[in-house]
Engineer: 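Have a look at the structure that comes next, please.
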Amino acid sequence: MVPLAAKRKKGLVIVESPAKAKKIGGYLGDDYIVRASVGHVRDLPAKAADIPAKFKKEPWSNLGVNVDEQFAPLYVVSPEKKKVVKELKDLLKNVEELIIATDEDREGESIGWHITELLDAKVPIKRMVFSEITKKAIQEALENPREIDMDLVQAQETRRVLDRLYGYTLSPLLWKKIRPKLSAGRVQSVAVRVLVERELERLVFKSGTYWDLKAELDTESKARFSAQLVTVKGKKVATGKDFDEHTGKIKEGTDVVLLSEEQARALQEKLTSTDWSVTSIEHRNQNRKPAPPFTTSTLQQEANRKLNMSARQAMQTAQRLYENGQITYMRTDSVTLSQEALDAAHARIKADYGDNYLVSRQYTGKTKNAQEAHEAIRPAGTEMKSASELGLSGGEARLYDMIWKRTMASQMAEARLRFDTVTIKADETEFRATGRHVEFPGFFKVYVEGSDDPEAQNEEEDSNLPELKENDKLGCADLEAIGHETKPPARYTEATLVRKLEAEGIGRPSTYASIISTIQDRGYVNKSGSQLVPTFTAMAVTRLLEDYFPNLVDLQFTAQMEQSLDDISMGQAERLPYLEKFYSGKEGINEQVKSHEEEIDPRKACTLKLEGLDADVRVGRYGPYLERQENGERVTAGLPPDIAPADVDNATAEKLIEEKKKGPQALGMHPEEGLPIYVKRGPFGPYVQLGEQTDDGEKPKRASIPLNYDPDSLELETAMQLLTLPRRIGLHPVDGKVVNAGLGRFGPYVLHAKKYGNFDKKTHTYTTDDGSKTVDVLTVDMDTALEMLAKSKSRGKAEPLKVLGEHPEDGQPVEIYEGKYGPYVKHGKINATVPKEMEINDVSLDAAIPWLEAKAAKKGVKKAAKAKKNTAKKSTKKKSAKKAPTKSVAAKKTSRKKSESTKE
DNA sequence: CAGTGAGCGAGCTTCCGCTTGACTT
């Protein structure tokens, strides 16, 4: 709140982030007001509802770009940004100048320009830039303002318009040819393509088998070490690298010995009783350099590898650290450390490890398309305080600790390693043993970057060999023949995908996490553990795009776009010819989409003929299914929803089609009911059913199969028990009321006096606090049920802080409650926060009603959107009702009902 | 709350980047 008698201030400074505004505000003092724009303030309309009425009829309105008039963008202030803009406008009335201090990159420059356009300032406008948030840097920046760089703004607008044209012309083609609501975009389509190509490599991959020997050897002084077979009769023994992944055989022209199991065992037999001796020893020295300080991309990768955090979790955790002033800004592509950071790290290294561990280093970024508006991610401030010194805990402590270590390590000495390679002769074979010795740990003391290969040995670990010299005799304590299979190329994880995208210059620090969400939300990718598995839909979409728009899904497309944008930002090129070439004319995307629209057969676009698979895979409305011709007849069978494309082979296909033909197989007969029990799969997962569906509308008895049971190997006994749920566990020792276990809409539960206890959502089991037992809905006993119930949050009503009175419309009480985010007023199902500066005792009924109304209006919009999905099937009826004269009332009523049912 | 693989309708879906709300279990 601005006090009414506010003195006129010198300037209004606008930055992007509120946390940054706070910090800079502290440096600039009372003469300046510092506020955040909270990101972009204007954008092209995202959806039809955001298009202003007067443009709705324009043929280009959906694009939000007037493609007939110089690609003029239609900018709108999104509803959630209106408040910010209004506040900035009000503040501007009491200052002498407007100072734009947004980030010094393409997007930041554009945000600044949009602000000046919207605020329509009557006072002078200055643009200031800084790359480090220190008092000195800020004041210097303030004294050396510049103008807004319109070339840079143009480059941003070109980027924005191109992305819109790409996305909003290709997506509709996918709706028509493959499935509604699909999407295509410059970034996501390439990301999906990368995953699909890897999946196809796995699909055609042929595994190969090879054998080798591993020896456990003793020196004369009985020190033991192990060695691997490397040559037989002077010829190299085959390893995984020597195989051709398309054939599973040794690559042509490779001169190696491929050992079969028999040969390996014969060799093992022969060598056990032969003489072993050292033929040569080699030493090799190598130094290791620390990894550069974190950028967004490397932070996400390491958090994924070492802390098992998703990109999204890492960013949310980093955001909290940033808001608490504990780390610098977390969305950056720069590896540069400021002088403040260097000083802090150097001092701490000296104090903790000594001078010989300190080396000052400045890294230079080599990331494609880096904008470098911020510094690297590092502990904020001048002291390099550790996580425990800051009193952090949980995920924040772990992430901070990693940032701290990486920053420290980046300023520490190289590690010096010595590798020893010993060659050993046994009969006509050679074995090799390698050792690693850390001669000087340097930065290893603090931090070593993680590996994508979970089996790889840690770099910093010693694996020393015993003292050996040439011609030493060795004893063979054990000789093992080991069989190996070559593995297909690994699927991408969040970490490796982010690294790939960054390396190709695709996507920006602020978007890596959301790219991963988007491709999952659109049904292009499923996550299986840490693997990102593309779906059949992804394959169909990728193939269509590759066939008809190869240059748009080329990995180089973004790099080329960036080149053009650079030219525009430097004033060496114009936006218009670039956009015209992309969109208009014979080769432009508009014409291309139109002409391909006629030639693409949707049935073909949805049909995948996979190498080595006899049946076709088709992507249908209810998911992927198999299709095959048999005696001129079409047979189909649904595929499990989350099956990986590379895991579908002829055997799996055959099994699914056979099962479909036979119809649901009875698990067995229920001995008392005399009816068969089936295992079936519905939209809510696998379930068991007793008897058949009859015509009289009577539904057969059904029960979901909890996640801890495998539907394919479910026993009849278990099925019968599931069908008898809910089950009485016994009587509660305190009040004597019944405790039950059952299956509900949200999974298995235990129930006592209207209070529910829950099983783990992912496993449908529960492990007791002392870890002594794990139970499920069929096995849970009274003691465990009581423990579960004790944990469940009380559904009992909280006491209101204050009762304001009855709502004039319906007489329902209006009350104030204390919530997690401060006090709120409650009326029925509507809750509205009490403004921060209000005292609870000052809140009156009259004051509270407008808050509730505002909240109700907001909620209604959200709920209606949500409810739409659930009632899509019935929508035809609703539409005719809409034409009735009482339209608005009818609409209100239905939306009310829906919101109740969704809440239930 | 429990399968299926086909089509009029009205109007909508969809992009990439920059940021923090909201959530009251």
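Lettering of chains follows the sequences in order, A, B, ..., and the numbering in each one begins at 1.
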Engineer: In chain order, what residues pass the side-chain hydrogen bond (donor to acceptor under 3.5 Å, both in side chains) check against A:Glu504, with sequence neighbours excluded?
Structural biologist: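 Result, side-chain hydrogen bond (donor to acceptor under 3.5 Å, both in side chains) vs A:Glu504: A:Lys500.
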
Engineer: Considering only NZ, NE, NH1 and NH2 on the basic side and carboxylate oxygens on the acidic side, decide whether A:Asp103 and A:Arg331 come within less than 4.0 Å.
Structural biologist: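 A salt bridge is absent here (no side-chain N lies under 4.0 Å from a carboxylate O).
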
Engineer: What base-paired stems does DNA chain B take part in, with at least 3 consecutive Watson-Crick or G-U wobble pairs and both distances under 3.5 Å?
Structural biologist: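 Consecutive-pair runs (3 or more) involving DNA chain B: none.
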
Engineer: For A:His40 and A:His114, take the angle between the two ring planes, folded into 0 to 90°, and tell me which bin it lands in: parallel under 30, tilted 30 to 60, perpendicular over 60.
Structural biologist: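 Perpendicular.
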
Engineer: When you look at NZ of A:Lys56, are more than 12 heavy atoms from neighbouring residues, nucleotides or ligands closer to it than 6.0 Å?
Structural biologist: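 More than 12 within 6.0 Å, yes.
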
Engineer: May I have the distance from A:Tyr622 (atom OH) to B:dA2 (atom C1'), rounded to whole angstrom?
Structural biologist: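 Spelled out: OH on A:Tyr622 to C1' on B:dA2 is 14 Å.
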
Engineer: Only pairs at least two apart or in different chains count here, so list each salt bridge (Lys or Arg N to Asp or Glu O under 4.0 Å) that has a residue in residues 40-50 of chain A.
Structural biologist: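 Checked against salt bridge (Lys or Arg N to Asp or Glu O under 4.0 Å) - neighbours excluded - the pairs reaching residues 40-50 of chain A are A:Asp43-A:Arg160, A:Lys47-A:Asp50.
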
Engineer: In whole angstrom, what separates A:Lys57's NZ from B:dG11's P?
Structural biologist: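 Going from A:Lys57 (NZ) to B:dG11 (P), I get 11 Å.
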
Engineer: For each nucleotide in nucleotides 14-21 of chain B, reading 5' to 3', give B when a protein heavy atom comes within less than 4.0 Å of its base, S when such contact involves only the sugar-phosphate, and - otherwise.
Structural biologist: BBBBBBS-

Engineer: Atom CG of A:Leu722 and atom P of B:dA2: how far apart are they, to the nearest Å?
Structural biologist: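 Distance, rounded to whole Å: 19 Å.
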
Engineer: Expressed in angstrom and rounded to an integer, what is the separation of A:Arg628 atom CZ from B:dG5 atom P?
Structural biologist: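 The distance from CZ of A:Arg628 to P of B:dG5 comes to 18 Å, rounded to the nearest Å.
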
Engineer: Parallel, tilted or perpendicular, judged at 30° and 60°: which one describes the rings of A:Tyr166 and A:Phe557?
Structural biologist: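 A:Tyr166 and A:Phe557: perpendicular rings.
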
Engineer: A:Gln689 CD to B:dC1 P: how many Å, rounded?
Structural biologist: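 Atom CD in A:Gln689 sits about 16 Å away from atom P in B:dC1.
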
Engineer: Taking only residues two or more places apart in sequence, or in another chain, which ones meet A:Lys604 in a salt bridge (charged side-chain N to carboxylate O under 4.0 Å, His left out)?
Structural biologist: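 A:Lys604 satisfies salt bridge (charged side-chain N to carboxylate O under 4.0 Å, His left out) with no other residue.
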
Engineer: Can you sort out the partners of A:Glu109 under side-chain hydrogen bond (donor to acceptor under 3.5 Å, both in side chains), two or more places apart, ordered by chain and number?
Structural biologist: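 A:Glu109 satisfies side-chain hydrogen bond (donor to acceptor under 3.5 Å, both in side chains) with A:Arg127, A:Arg146 only.
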
Engineer: Applying a 4.0 Å non-hydrogen cut-off, can you work out what A:Arg634 is touching in the nucleic acid: base, sugar-phosphate, or nothing?
Structural biologist: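 Result for A:Arg634 = sugar-phosphate.
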
